[in-house]
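Proteins get letters first, then strands, A, B, ... in listed order; numbering begins at 1 in each. As the structure is a computational prediction, the values presented were derived from the model and not from experiment.
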Amino acid sequence: MPSSRTIRALNVAEKPSVAKSVAGILSQNQGLRVREGRSRFNKIYEFNYAIQGQPCQMLVTSVTGHLMELEFDERYKKWYSCDPADLYHAPVRKHVPEDKVDIKRTLQEEARKCHWLILWLDCDREGENIAFEVVQVCTEGNHQLNIWRARFSALTDREIHEAVQNLVRPNQLFADAVDVRQEIDLRIGASFTRFQTMLLRDAFNFDFTSDNKSLVLSYGPCQFPTLGFVVERYWEIQSHEPEEFWTINCSHNSDEGTASFTWIRGHMFDYTCAVIIYEMCVQEPNATVTKVKQQEKLKYPPYPLNTIELEKRASRYFRMSSEHTMKVAEELYQSGFISYPRTETDCFSDRTDLRAIVEEQQQHPTWGSYAQRLLDPGAGLWRNPSSGGHDDKAHPPIHPTKFSAGASGWSQDHHKLYELVVRHFLACVSQPAVGAETTVEIDIAGELFSASGRVIILKNYLDVYRFETWGGLMLPTYVFGQQFIPTTLTLDSGVTRPPPLLSESDLLSCMDKAGIGTDATMHDHIKKLLDRFYATKDANTRFSPTNLGEALVMAYDDMGYELWKPFLRSMMEGDMKAVGMGTKQKGEVLAACLQQMKACFLDARLNKIKLFEAMDLFFERFSRSGIEEQQTVADVVRQCGVCQQSDMVLKRRPDGNFMVGCLGFPQCRNVVWLPGSISEAAVTTNICSSCSPGPVFMIQFKFRRLEIPSNYNVDHLGCIGGCDETLKQLIDICGTGSRNLSILPARGPGSTTPSGNIPAGNARHGSVCGNCRQTGHSSNDCPQASQSGRARLRGMNAQSGESSIACNSCGASCVLRTANTANNKGRRFYSCQLQECNFFMWEDAINHSAGVLSGGRANAGGSASSSTRRGGRGQTHRSSSRGADMASVLATGDPQSGRRCFSCGDPSHFANACPNRGI
DNA sequence: GCAAGGTC
């Protein structure tokens, strides 16, 4: 029994699993009692222990992450309750949300009975912040608590015992750093989200959803840069100008097989040079082996698995989304099959018993025998895992924690993910694969070509890590000085290709590199892009921006802000570090950041026309004619006091503004103009008590929040009979004329854009400028050509033209563009607008040789060979091939060249002997 | 209804 001097200590961990581990380690499972708390997930463990010789009765329980949330005061919570700009200074408070109230009550009840509070939160900034949330809640129950912090970096016996024997005080600075982040995220996120949602949702017909009203156009310091990565790559692809190149390829057949030699010069962009060199090779085709190099190559196993790698590999190997991967991993963790799945750590601690983990897997029917070989010292397969250099000091790399040959209730994805975790772990503790690589270099007429092949000598970890392969191309045997005549020698052309769309794995890498999100939240940010209709993911897990996503990024880019770039987050990360170190004050960082962001917000609001312009490129404005018709039918406000014959009715004008006019128009011109800031107006059955002659029916108005001062309500029941001061004031302030938006370029009939993504300068786009994407001019006379970063990016290499032809390859439309590269400046070409199609054709190629695509000059010597330029993404692009079987060339001469000089056309010599040769 | 961060 505890003595009267025994200290009762309440221990709180960040999650139930840690509470259980800490209790198990400290009690050594002796005298450990478990009871329920008010929250069914967070149990309470009790046992006796001694800290620094002091007997303690230990109570160990947990929270589940943050206990509190930051929110605005009640008055600012409703979207229309305030100007979004007010959210930069509106009061905020931390509160315990409904689903955490049970945990709060448990903590307070237990704290009342305790002397000490020991905080076992994860040892990172968020953990420190949660620690202070726990302190706040517990001290509300007991002001006398002595508060301690246990610092540990792994759930091992030594770490936990050391932590409890060396308790310290919690670090307020770390917690402050997180407070800063939370407040900035909330204020920026809420203000921009409310602003752009309220501004755009009612103005445009977003054709991808039938529920326009509930659409939320969110902004967040993580989600927008993530969208930025997707859009930036998409623009890079759009602005890519295919460039034609030439290369010489050589093959040689022997009894042992075929060797393919590639030209050491690689791609040559100057056709004449390539032809001259090719001519030299054709004239002296004898190949001499100048180098044979054989060396051993090692392919190392991957580093131990952390969250981001798990997500990337599951996406690559199984095409599982990162969000789904984390859901499945969480379930495997909850049921005890794998370790904690949210970890940055990619190195194992020296204290981890790696062999014990392997031993468990020996019984598996598929990889069990590999695990047995690993443990057999005679096999020499074991290798201590290398370190990836990251350690979050809280969790080990993801590894199997319990053997399973497939539990009941597992889906295919549970099987796949568990298999990945096990095989990855077994690979990490295995020897690298060993290969023999052979490189052969040959010389033909002074030009060098090379071929390489590799055979695997020892597969080692590749035996178990079936997700990776290592090329096993065999080369025939060659010896130094050997000579042979190539079987084929061809001059091949190709075109440069744009990079592919970002895959989920690429996107995670971009985010990781730029510090966007954490290992536990990155998949949420990616999913948010899909949920918000900002991006789509295709079957190959590649992301494209939607029209909405592209328009939003385009608008902010045109405003000149880099809100869609990762810099804001990086800057915040720097500031948070400074707060954590104590070199900057919490208040000072908050004030400075919010001041900057508010200025940016106000400026963005002034420039809202950019948002409308960008949206206008892709979406239709809501038609107001229907509303007008409906409202002119029945909405009588009063009898006309001028003609005294007709009724005055509420009308919506074609420009969207409201008026109350006499139905006797045009004979009677009595009219009451209404403020220009009204978004909705409806005549009610309420009758004004002061205006006469009556009845004058009152009108329910809704004003646009952003167009009236913040001290006016957006909802107003008003009267047009002359008694309504509010209405008069708003007419004074807002006027009754055209709103800003009516100065936008009108969208003529037929300019409706389809719902799919439209590349810059698309011929289908009609009169949209390829540079700035506005209407009314072409890219050649674009006034913004040098102003916009995006315009610069898009117009970097080529300018869009208006002319288009049908694509010879896929049938879609090609647009005529002008090259701007050194070699082909001013030369015009057609390129297909269909993203998947890479068709490209010089305009002069059509003129020179009808029916021959892109090889006009290549085939000038009379070649009959030609083919289209189309090829799948990522394939080697080889199209027109001007080549010949060398044996036949040597026997009969070159039928394709007519044995004349390619350089000057003189039949008396070949190009290598051409007197004009000056390359 | 808005962010991002914990975690169940």
Using a cut-off of 4.0 Å on non-hydrogen atoms, how would the nucleic acid contact of [X] be classed: base, sugar-phosphate, or nothing?
X: A/D524; result: nothing
X: A/P84; result: nothing
X: A/F192; result: nothing
X: A/G517; result: sugar-phosphate
X: A/L67; result: nothing
X: A/E330; result: sugar-phosphate
X: A/F224; result: nothing

Would you say a side-chain N or O of [X] is under 4.0 Å from OP1 or OP2 of [N]?
X: A/R187; N: B/dA4; result: no
X: A/T518; N: B/dG6; result: yes
X: A/Q223; N: B/dA3; result: yes
X: A/H525; N: B/dG5; result: yes
X: A/Y333; N: B/dT7; result: no
X: A/K528; N: B/dA3; result: yes
X: A/T521; N: B/dA4; result: no
X: A/R181; N: B/dG6; result: no
X: A/R342; N: B/dG6; result: no
X: A/R569; N: B/dG5; result: yes

Item to check | Short side-chain to backbone donor-acceptor contact, A/T343 and A/P397, under 3.5 Å | outcome: no
Please pick, from [options], the nucleotide with the shortest atom-to-atom distance to any side-chain atom of [X].
X: A/P16; options: B/dA3, B/dG6, B/dT7; value: B/dT7
X: A/V216; options: B/dC2, B/dA4, B/dG5; value: B/dC2
X: A/A520; options: B/dC8, B/dA3, B/dG6; value: B/dG6
X: A/S218; options: B/dT7, B/dA3, B/dC8; value: B/dA3
X: A/P221; options: B/dA4, B/dC2, B/dC8; value: B/dA4

Checklist entry - Looking only at heavy atoms, which two atoms of A/T106 and A/S39 are closest? And how far apart? => result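 Distance-wise, the nearest heavy atoms are OG1-N, 4.0 Å.
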Checklist entry - Which heavy atom of A/S191 sits nearest a heavy atom of A/F601, and at what distance? => result O-CE1, 3.5 Å
In whole angstrom, what separates [X]'s [atom1] from [N]'s [atom2]?
X: A/M198; N: B/dC2; atom1: CE; atom2: P; answer: 14 Å
X: A/L70; N: B/dG6; atom1: CG; atom2: P; answer: 16 Å
X: A/K100; N: B/dT7; atom1: NZ; atom2: C1'; answer: 7 Å
X: A/K94; N: B/dG6; atom1: NZ; atom2: P; answer: 13 Å
X: A/F132; N: B/dG6; atom1: CZ; atom2: C1'; answer: 17 Å
X: A/L227; N: B/dA3; atom1: CG; atom2: C1'; answer: 15 Å
X: A/E14; N: B/dG5; atom1: CD; atom2: C1'; answer: 10 Å
X: A/M597; N: B/dA3; atom1: CE; atom2: P; answer: 14 Å

Checklist entry - Taking for each residue the nucleotide of DNA chain B bearing the nearest heavy atom, is the 5' side occupied by A/Y76 or by A/D122? => result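 Closest to the 5' end, via its nearest nucleotide, is A/Y76.
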Checklist entry - For A/L215 and A/D519, take the nucleotide of DNA chain B holding the closest heavy atom to each; which residue's nucleotide lies nearer the 5' end? => result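 Closer to the 5' end of DNA chain B: A/L215.
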What distance do [X] atom [atom1] and [Y] atom [atom2] have between them, rounded to the nearest 0.5 Å?
X: A/F619; Y: A/N212; atom1: CZ; atom2: CG; value: 9.5 Å
X: A/W79; Y: A/T193; atom1: CH2; atom2: OG1; value: 6.0 Å
X: A/F152; Y: A/S21; atom1: CZ; atom2: OG; value: 9.0 Å

Checklist entry - Going by distance alone, is a donor N or O of one side chain under 3.5 Å from an acceptor N or O of the other, for A/T325 and A/E311? => result no
Next on the checklist: Counting distance alone, no hydrogens or angles: does the base of B/dC2 have a donor or acceptor under 3.5 Å from a partner atom on the side chain of A/T193?
Outcome noted: no
